[in-house]
Amino acid sequence: MAVIYADNNATTQIASSVLNEMMPYLTEYYGNPSSMHTFGGQVGKKIKEARAQTASLLNATPEEILFTSCGTESDSTAIRAAIMSSPSKKHIVTTRVEHPAVKNLCEQLAKERFRITYVPVDQNGALDLDFLYQSLTDDTAIVSIMWANNETGVIFPVEEIASVVKGKGIAFHTDAVQAVGKIPIDLKNSNIDMLSLSGHKIHAPKGIGALYIRKGTKFSPFLIGGHQEKGRRGGTENVASIIGLGAASKLSQELMTKENTDVKTLRDTLEKGLLEKIDHSFVNGVKERRLPNTTSIAFEYVEGEAILLMMDQFGICASSGSACTSGSLEPSHVLRAMGVPFTAAHGTIRFSLSTYNTMDEVNLIIEKLPPIINTLRNMSPFWKQNQ
Amino acid sequence: MWEYTEKTKDHFLNPRNVGVINEPDGIGEVGSLACGDALKLTFKLGKDRRIADAKFQTFGCASAIASSSALTEMMKGLTLEDAGKITNEDIADYLGGLPKEKMHCSVMGRDALEKAITYYRGESEKKVEGEIICECFGVTDLEIKRAVTENALKTIEDVTDYIKAGGGCGKCHEKIQAIIDQQFGGIQILPSMKKKVLTNIQKIKLIEETLIREIQPALAKDGGNIELVDVDGDKVTVKLRGTCATCSKSQITLKNYVETKLRELVSDSLEVQEVN
């Protein structure tokens, strides 16, 4: 059975061009980039190229790119570095809809006697900016706001926020794991101090990420060790994956237009088709300022895990905001922060597309999903009551 | 991805007995939309007083649907007395086992069955007794006690897997732990025990127990600790350790907290003193 992969916010397929770039460095060129000999040194040159490619995607300089093992490590590194750099400050500002990489770190820091402000969102998933700005104090060490939400695709005005935060002399970090590669990012002309990205969301392999650190930003390393990454992260480089991230960054730049035209058309077609064919369904979050590949659709009176498993019968891969899929019992913290009613939150499915998806695939989802929702609704004790 | 058995998948994808029986003999409804799963179970008895038909409607995940489907199959042909003996474990076993995190689905089946039988027997539906412990999912202390005893649950996580309690905000975790401790923790400290005349051994044991279970955890929060040195009649000699040993307020702790607690839980006439 063919797989219809509509879960690209979870992870993506490694692009063949990316894999081709990586392969020689998993086989014949196995040298250590720190070595003095030519055999190792040539690997170092390739890493330099990958750093320039990654920087180019963000319009940053190569020196501002630190390679890490994943988006989560980038987030932890950034936030820990900021609070280590200003030890007298004990306040952190973030949002109620962050990825667990930031959310759970902040919950941990709360136990370490930091005061955390969680900025709320409205029913459309938009941030309460007044609340955010009013929460900033002399004690604020860092503001960390995601660029785009992984569940709804809603984009936050991080550049505008960064300007205000910077004006008060506070460090600003953004988790841009979902935004990078999907919308243009220009860090040279922004006030963002630190930005996290992850390779496997942009067709590089899993296990590679990067942290952008604006030149002049106070920093202290998370992993202490050798002189790698200019002493900012000890540990022998994950050479092949770094090269993969470089190649994927280059590819992302090439595909940026396609992502915002072709992929957006696929997403819009999928969204429209499903909403038309399935009543009692709606999109979570604003439709305008949103990632071009993501749609989060609530199907009322059904439960997400059941939908996913029935779609799985047809090879369709997506994610759910329901509790049952994660093993927790409450639906997604993002949907709850937006005030999505429980009736809808439990039945929310996120589709996230990529340039690999086709219109045929989208049409197949539009064909297969309505009967699934119908079957499950007819099985539900609440459905007829609410008709 | 959950590891469901083939039988669970089969009962999810091809559920048996979906629907509602007209003029049923028994109806049992449990769960809610907010909780993420709900089940409406109906059955009809045959002339032989056995369950002739059973149907279900379920809102929930794959294992909730499979558990409901399995339950209806298991019930059919049974007398109400035998059906009443079906446990959540039996439902899970019928499906070849459920992931631990999904055991609450089988508990939901058992609860609906109990309600349906109660309905048939015309007994007034059991009111929610006991004290609500988990506010997020509306679970009472009695329900937690039952699940802990019936399934030999040992941790808060276990309790959450079986009846959801503790799976929301987490504020009730201490209370759930206390219930688990009570079921498995050896001597139970009940207010009634203190009324009895205690032998010396009983008294010493109860003092020790109170120190370990009640007083030490409280002092540990501030980095302190306490040790029992001797019991002579009603004189309890203790040694303060950790931060308590150097704390200027330790005498207040000793009299106002340790002594009060021991008097409350062991004997009114106890007097606590510190060894130097």
Side-chain angles (χ1 to χ4, degrees), chain A residues 7 10 104 107 110-111 280 298-314 317-333 335-336 339-349 371-386, chain B residues 1-4 8-9 11-20 27-42 55-66 68-69 99-102 104-105 112 134 136-137 139 157 159-170:
Chain A
D7 202 10
N104 291 351
E107 280 167 16
K111 289 181 196 153
H280 290 272
F299 303 103
E300 293 185 278
Y301 308 111
V302 275
E303 199 283 325
E305 188 210 277
I307 304 173
L308 289 183
L309 287 181
M310 286 203 168
M311 289 202 297
D312 195 53
Q313 296 297 108
F314 301 105
C317 310
S319 302
S320 139
S322 103
C324 288
T325 38
S326 60
S328 78
L329 291 167
E330 295 198 318
S332 123
H333 69 285
L335 301 177
R336 276 186 295 146
V340 175
F342 278 99
T343 49
H346 283 296
T348 287
I349 301 291
I372 289 174
I373 302 290
N374 223 9
T375 305
L376 290 171
R377 279 181 177 167
N378 284 332
M379 221 185 279
S380 162
F382 302 117
W383 178 237
K384 296 250 161 60
Q385 293 174 15
N386 289 286
Chain B
M1 180 113 204
W2 299 112
E3 285 186 21
Y4 288 132
T8 306
K9 283 187 214 163
H11 274 267
F12 164 59
L13 292 170
N14 309 295
R16 280 66 147 178
N17 314 308
V18 177
V20 185
I27 302 181
E29 286 179 276
V30 289
S32 73
L33 269 172
C35 287
D37 46 21
L39 163 59
K40 180 177 183 177
L41 179 73
T42 49
K55 285 195 189 300
F56 80 91
Q57 282 186 320
T58 291
F59 158 79
C61 56
S63 49
I65 291 169
S68 311
S69 167
K100 199 171 143 290
E101 295 84 349
K102 295 288 191 177
H104 60 86
C105 296
C134 169
C136 295
F137 292 101
V139 188
E157 215 175 276
V159 171
T160 306
D161 289 341
Y162 275 72
I163 50 169
K164 295 190 171 189
C169 68

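Note that this is a predicted model, so its numbers are computed, not measured.
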- Please examine the side chains of Ile349(A) and Met311(A), heavy atoms only from C-beta on, and report whether any two atoms are closer than 4.5 Å. yes
- Please tell me if the side chains of Pro15(B) and Met379(A) come closer than 4.5 Å, counting only heavy atoms from C-beta onward. yes
- Taken to the nearest 0.5 Å, the spacing of Ser68(B) OG from Leu41(B) CG works out to 8.0 Å
- Item | Worked verdict on Phe382(A) versus Thr343(A) for side-chain contact (heavy atoms from CB on, under 4.5 Å) | CA-CA 10 Å; Phe382(A) 302 117; Thr343(A) 49; over 6 Å; no
- Query: Under a 4.5 Å heavy-atom cutoff, which of Val20(B), Val18(B), Thr58(B) has the most pairs with chain A?
  - Reply: Thr58(B)
- Contact origin within Ser63(B) toward chain A - heavy atom pairs under 4.5 Å: backbone
- Using non-hydrogen atoms and a 4.5 Å limit, figure out which bit of Pro99(B) sits close to chain A: side chain, backbone, both or neither. neither
- Query: Given a strict heavy-atom distance threshold of 4.5 Å, which part of Asp312(A) is in contact with chain B: side chain, backbone, both, or neither?
  - Reply: side chain
